[in-house]
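A short worksheet on the structure shown next.
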Amino acid sequence: MAQHFDVLVIGAGSAGSVIASRLSEDETCKVGLIEAGHMPSDADIADPLKWTMLQGRDYDWAYRTVPQPYTANRIHEWPRGRIVGGSSCLHAMAYVRGHPFDFDAWKDAGGERWSYQGLLPGFIRSEAFTAFDAPTRGGSGPLDVFLPDEEVSPVVRAYIAAGNSLGIPSLTDHNSGELIGTTPNSLNIRNGRRLSVADAYLTADVLARKNLMLLTSYEVEHLVIEGARAKAVVCVVDGVTERVSADRIVACAGAVSTPLILMRSGIGDPAVLKQAGIACISERREIGANLQDHLLALGNVYRSKKPVPPSRLQHSESLMYLNSENLSDSAGVPDIVLGCVVAPSAAEGLNAPAYGAAYTILCGVTHPTSRGRILPGGPNRTARPIIDPHYLETEHDRLTFRKALKIARQVGRQPALDEWRDAEALPGLDVQSDAEIDAFIAKAASTHHHPAGTCRMGMDQDAVVNSDLQLNCIDNVYIVDASVIPRIPSGPINAAVVAIAETWAANRL
């Protein structure tokens with residue numbers, strides 16, 4: 001028997017978990033939540049130290065990019081969560097809202113609701129932050145935000161001191177206003193265990209609601225479109241095709257899967273769809289375009305004079321946001337980021353010292369200007385997508401990345417790190433000229449796992465969704481996930497995705 005819901009949410013990741021939880025607070029609203037993956041059962045997911053080992057398991061979509069000309073023609077692995085909790089079950093757990101000015105582009109695209117001040121109630125509503133009280137912080141929300149103290153590695157403390165010696169300011173944390181400066185990372189960790197967004201929002205009590213149904217192992221094929229409305233979602237469950245109907249459909253499948261579902265449904269650029277063997281029923285040329293992602297260079301690695309103690313957190317313990325033109329600047333939007341990892345962290349193909357014998361300073365660009373695209377590889381869900389992020393395609397990104405690596409090395413050679421630093425292992429002291437640095441970055445740049453922007457919000461006629469996140473060509477379909485982001489914020493995007501979902505849901509209740 002076909003199932004019908006008032007609201008059907010596609011994807012039980014960071015956005016979908018929030019939407020399903022919040023909308024089902026209204027007992028009169030029958031909510032369905034469909035997820036291609038299953039409930040988490042791998043104990044390694046909960047261990048913060050094992051996040052780097054989760055890629056490639058059966059709950060990873062295991063996407064891959066096409067070769068990237070400006071990263072030494074490398075193919076990049078793109079892990080994304082195929083599980084209840086989505087990529088919040090795989091990510092590094094760092095919680096960074098972004099700088100308030102990051103959201104000016106969002107306000108321009110969708111109005112005041114998507115400014116920092118407009119999103120602030122959503123940030124506050126989501127948070128359980130207890131390190132200190134502040135009017136911009138939430139203390140009783142579902143999602144724990146843990147600010148470490150005594151757990152911070154002595155290597156990371158020396159790295160922070162190295163930054164301070166260059167005039168880089170200290171912050172209380174990354175989420176209380178200004179972002180430029182150095183501080184330990186706030187983390188989505190509870191009692192020493194990863195806290196995914198599903199752990200926080202889809203608790204046993206929430207899943208026990210009579211008006212909420214979680215359907216796992218439902219792989220979405222396409223939407224059924226009739227005129228200007230979507231009538232149902234066609235799914236495959238254990239090899240059997242099922243049709244799930246709803247009055248409203250909310251796509252929360254993420255910056256990769258959401259545009260693919262729309263394109264498989266015949267919504268997109270006619271030339272792109274024709275190439276994939278899909279008939280176009282609604283022309284929306286920007287679906288799949290505007291792809292943005294952060295890169296980090298893995299990495300500026302240092303051999304240690306003495307054993308590096310294992311991290312008590314999740315290896316990557318401190319992000320340092322900077323103005324590359326003035327390291328002592330304490331206000332405004334950063335253009336680069338550094339990070340300290342209590343381990344050797346090197347891209348595939350680069351040789352690094354053994355674990356316990358080295359530490360790493362990562363570096364990257366906060367606001368890349370390169371824009372890529374996601375294309376369907378064929379007409380159905382089994383076709384692997386064509387992911388082309390156009391990494392480092394712009395001169396801005398290449399020049400800013402070069403500055404970031406130079407500043408990472410500057411921090412790395414400060415006296416505050418003398419007791420740890422033996423010698424630079426990567427890139428190595430023979431890499432000094434701009435050309436040599438650029439060649440190293442091409443081999444070292446790797447995804448920071450923040451794909452966004454492929455169904456951008458905007459007020460112009462080409463935008464994929466409007467200010468209410470409604471799909472512009474279909475009356476009853478909404479997109480609430482990282483794909484609607486018009487311009488990527490400074491840091492990890494998970495906190496912002498949760499705030500987007502909280503903000504959108506609050507306007508439905």
Side-chain angles (χ1 to χ4, degrees), residues 8-11 15 34 36 61 63-66 78 80 109-110 219-236 243 246 248-293 370-390 451-487:
L8 181 62
V9 182
I10 301 174
I34 57 177
W61 284 102
Y63 296 124
R64 305 179 81 202
T65 72
V66 298
W78 262 36
R80 308 304 300 157
E219 300 181 36
V220 174
E221 193 68 77
H222 59 82
L223 309 181
V224 178
I225 308 294
E226 295 181 11
R229 292 184 66 81
K231 295 295 185 179
V233 177
V234 174
C235 305
V236 176
R243 177 173 164 147
R248 285 183 293 167
I249 295 171
V250 187
C252 302
V256 178
S257 289
T258 288
L260 290 173
I261 290 168
L262 296 178
M263 288 186 280
R264 291 200 299 267
S265 305
I267 307 169
D269 184 327
V272 168
L273 300 184
K274 182 178 180 181
Q275 184 74 21
I278 301 168
C280 181
I281 64 171
S282 182
E283 181 177 326
R284 304 303 307 179
R285 292 182 179 271
E286 289 212 16
I287 290 177
N290 193 46
L291 174 62
Q292 302 161 60
D293 186 27
S370 300
R371 296 291 182 266
R373 188 163 195 129
I374 290 175
L375 306 171
N380 54 53
R381 76 189 195 291
T382 59
R384 292 192 67 85
I386 300 166
I387 300 174
D388 188 356
H390 289 222
T454 50
C455 295
R456 72 167 178 89
M457 169 175 58
M459 298 183 181
D460 59 292
Q461 64 180 4
D462 294 326
V464 178
V465 298
N466 62 22
S467 61
D468 198 33
L469 307 189
Q470 178 191 338
L471 183 60
N472 271 323
C473 58
I474 306 294
D475 295 340
N476 66 329
V477 173
Y478 298 83
I479 301 174
V480 187
D481 59 27
S483 66
V484 304
I485 293 173
R487 182 173 183 262

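Below, all heavy atoms of this structure are taken into account, side chains as well, without hydrogens, waters or symmetry copies.
With contacts defined as side-chain heavy-atom distances shorter than 4.5 Å, the pair I261/I10 qualifies. A 4.5 Å side-chain heavy-atom check between L469 and I479 finds every atom pair outside the cut-off. The shortest side-chain heavy-atom distance between R381 and V220 does not fall under the 4.5 Å cut-off. Put simply, the side chain of L273 reaches to within 4.5 Å of the side chain of M263, judged on heavy atoms. Put simply, the side chain of E221 reaches to within 4.5 Å of the side chain of R264, judged on heavy atoms. When side chains are defined from C-beta on, R80 counts as touching Y63, because their heavy atoms get closer than 4.5 Å. With a 4.5 Å cut-off on side-chain heavy atoms, R243 and C235 do not count as touching. Under the 4.5 Å side-chain criterion, counting only non-hydrogen atoms from C-beta, V234 is in contact with V224.
Across L223, V464, I249, a single residue satisfies side-chain contact (heavy atoms from CB on, under 4.5 Å) together with L471, and that is V464.
Taking all atoms of both residues into account, the shortest heavy-atom contact from M459 to G110 is CE-C, 3.6 Å. Scanning both residues, I485 and R456, for their nearest heavy atoms gives O-CB, 4.4 Å. Nearest approach of P379 to G277, heavy atoms of both residues: CB-O, 3.7 Å. The two atoms that bring V477 and A230 nearest to each other are CG2-CB, 3.5 Å, heavy atoms only. Heavy-atom minimum distance, L260 versus P385: CD1-CB, 3.6 Å. Shortest non-hydrogen contact noted between C455 and L262 is SG-CD1, 4.0 Å.
Using a distance-only test at 3.5 Å, with no hydrogens or angles considered, a donor-acceptor pair links the side chain of Q292 to the main chain of N290. At least one donor-acceptor pair closer than 3.5 Å links the side chain of D481 to the backbone N or O of A253. Looking only at distances, a side-chain donor or acceptor of T454 sits under 3.5 Å from a matching main-chain atom of A255. Between the R229 side chain and the D475 main chain, no donor and acceptor come within less than 3.5 Å of each other. In this structure, the side chain of N466 does not engage the main chain of G458 through any donor-acceptor pair within 3.5 Å.
At a threshold of 4.0 Å, the pair R285-E283 counts as salt-bridged, since one of the basic side-chain nitrogens sits closer than that to a carboxylate oxygen.
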(request) Please lay out, stage by stage, how D269 and R284 fare under the test side-chain contact (heavy atoms from CB on, under 4.5 Å). (result) CA-CA 6 Å; D269 184 327; R284 304 303 307 179; over 6 Å; no
(request) Apply side-chain contact (heavy atoms from CB on, under 4.5 Å) to Q275 and L375, showing your working. (result) CA-CA 9 Å; Q275 184 74 21; L375 306 171; over 6 Å; no
(request) Step by step, work out the side-chain contact (heavy atoms from CB on, under 4.5 Å) result for I387 and V66. (result) CA-CA 6 Å; I387 300 174; V66 298; over 6 Å; no
(request) Begin from the C-alpha positions of V233 and L8 and carry the test side-chain contact (heavy atoms from CB on, under 4.5 Å) through to its verdict. (result) CA-CA 9 Å; V233 177; L8 181 62; 3.6 Å; yes
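Distance check, rounded to the nearest 0.5 Å: OG of S483 to CD1 of I374 gives 9.0 Å.
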